[in-house]
Amino acid sequence: MLNNKNIYKPIRAKLTNVIDESQLIKTFVLVPEDKFSFKTGQFIELSVDGIGEAPFTPSSSPLVTEKLEVTVMKTGYVTEYMHMLKPGVEMGIRGPYGRGYPVEKFFGKEVLILGGGCGLAPIRSLLYALEDIKDRLVKVILCYGSKTPADCIYKPLFDRLNSTEKFEAHRTVDKADEDWDGSVGVATTLLNKIRINIENSVAVVCGPPIMMKFGAIRLLEMGYKDDQIYLSMEKNMSCGLGKCGHCMMGEFFVCKDGPVFTYDEIKHNPEIWR
Amino acid sequence: MKLTKDELKNIGFFDNYNDEQLKIFIGISSIKEFKVKDILFEQYDELSDVYVLLSGCLSLGISLAKEKRIRLGTLEEGQLFSWSAVFSPYISTAWVMATCPTKVLAIDAKKLNLEFEKNCEFGFKTMSKIAQTISHRLSDTRFQLMNQLTL
Ligand SMILES: Cc1cc2nc3c(=O)[nH]c(=O)nc-3n(C[C@H](O)[C@H](O)[C@H](O)COP(=O)(O)OP(=O)(O)OC[C@H]3O[C@@H](n4cnc5c(N)ncnc54)[C@H](O)[C@@H]3O)c2cc1C
Ligand code: FES
């Protein structure tokens, strides 16, 4: 359900904290003027007054409605400006939009999550949601890759998950530094070490386009079927409502029909990895 | 030192083998231990064992010149490596070094090839698994390369 009465009008939210996650990534803690609900994997349009708006998937728990966290990588005009904001300013939020993760379909299953870079933001929200229903899951495995140890976000999350029943979390970096004694290699190399019952499993992939492509191919090689793989697609968006056509991917409006799709739904789409 | 059938069943690579086939592996393999900085093998070494990492940490890389080691990545527990030992000319394409105390299962590659000749089903299954390992290494390397190119 939309939190805004007028679908085009943002509600106001106060920025109460800004957390440095890495050199290029910050988490913005927002307190909306009204309670704000969303389903994990759905996205919002976040606006900076006088600058513009951009789509982001909340990285906080969907069970918390008083506060919203959004983790943002600095990539261009709006995000660069956001990185300069200090607590106290007001921002606008529209949404939530789109189709998130169908967590009810994960009941009774093993959930494998493959993430890379800033893709851990939506995944963190999914992990909160899965922790809440962990009694109904068999297990949850997170495999996450970042470029360097300094680029790895939410570092305490990994220890917390590894001490949570039914959860395990693995990390790797493309390029190690002197202090790093963990795995080195792209995110998919972590799939070599996990034990999972593929028949009774679903896999979620979220990260940069290259990782999504190689991740999906690798999962298929491992024996996952097309409809067991969930991909969170990021396409340039504008309205977020299925009206403007900015986000079209073949016959799909990514903003309305996605951003979460099964591989089965979009595998024939020529724009899938673009 | 040898692994038991049950211990082998807990290692990813040995999924889907029956007890008879696991016994073959036990008969032709042994556990080897390495200390920090031990080199298991160098690039271009002639290999006689196929390894599976049981515990510890191993780095894998290539050498440009004798002094210049380029570290490509780490190997994960349960992962098979040094597969060049099974195929002619049995020459390694990379070096592998222990970066913490490490235990590996060393499978005698000559004996393994003889078992393939005696038992086609076992041979086909194992060669398929080795091919999958190589295919994963190749796609990981492509992924790594694309990442480097888009840095
Ligand atoms: C559903 C959805 C959820 C998202 N969630 C997050 C999130 O949680 N955290 C986060 O940091 N980012 C997220 N993004 C990406 C984010 O929306 C873009 O980084 C942002 O719009 C860039 O805005 P900008 O004005 O700073 O960049 P611009 O100045 O508009 O563009 C700078 C560069 O970024 C590229 N770019 C712009 N939009 C996108 C996009 N949507 N996807 C990929 N590249 C883009 C442009 O092509 C250009 O190369 C999400 C995108 C979508 C569609
Ligand atoms: S963003 Fe406008 S139709 Fe999807």
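Heavy atoms of other residues, nucleotides or ligands lying less than 6.0 angstrom from NZ of Lys134(A) number more than 12. Atom NZ of Lys213(A) has 12 or fewer neighbouring heavy atoms from other residues, nucleotides or ligands inside a 6.0 Å radius. Atom CD of Glu199(A) has 12 or fewer heavy atoms from other residues, nucleotides or ligands within 6.0 Å. At most 12 heavy atoms of other shown residues, nucleotides or ligands fall within 6.0 angstrom of atom NZ in Lys225(A). Remark: Lys267(A) NZ is packed, more than 12 non-hydrogen atoms of other residues, nucleotides or ligands lying under 6.0 Å away. Within 6.0 Å of the CZ atom in Phe124(B), the count of heavy atoms belonging to other residues, nucleotides or ligands does not exceed 12. Within 6.0 Å of CZ on Arg136(A) lie no more than 12 heavy atoms contributed by other residues, nucleotides or ligands. Annotation: Phe158(A), atom CZ; neighbour count of heavy atoms from other residues, nucleotides and ligands within 6.0 Å is above 12.
Of the inter-residue distances, the one linking Glu221(A) atom CD with His136(B) atom NE2 reads 4.0 Å to the nearest 0.5 angstrom. Atoms CG and SG, from Asp181(A) and Cys57(B) in turn, are 7.0 Å apart once rounded to the nearest 0.5 Å. Put simply, NZ on Lys175(A) and CG on Asn147(B) are 13.0 Å apart, with the number rounded to the nearest 0.5 Å. A distance of 13.5 Å separates CD1 of Ile210(A) from CZ of Arg142(B), quoted to the nearest 0.5 Å. From Asn192(A), atom CG reaches atom CG of Leu75(B) across 8.5 Å, with rounding to the nearest 0.5 Å.
Residue-level contacts of residues 6-16 of chain B with chain A, in order of numbering, are Lys9(B), Asn10(B), Ile11(B), Gly12(B), Asp15(B); threshold 4.5 Å between heavy atoms.
At least one side-chain heavy atom of Leu190(A) sits less than 4.5 Å from a side-chain heavy atom of Glu76(B). Within the 4.5 Å cutoff, no side-chain heavy atoms of Thr189(A) are placed close to those of Gln79(B).
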> Going through the checks in order, is the side-chain contact (heavy atoms from CB on, under 4.5 Å) test met by Arg218(A) and Phe143(B)?
Replying inline: CA-CA 11 Å; Arg218(A) 181 61 167 277; Phe143(B) 180 5; over 6 Å; no
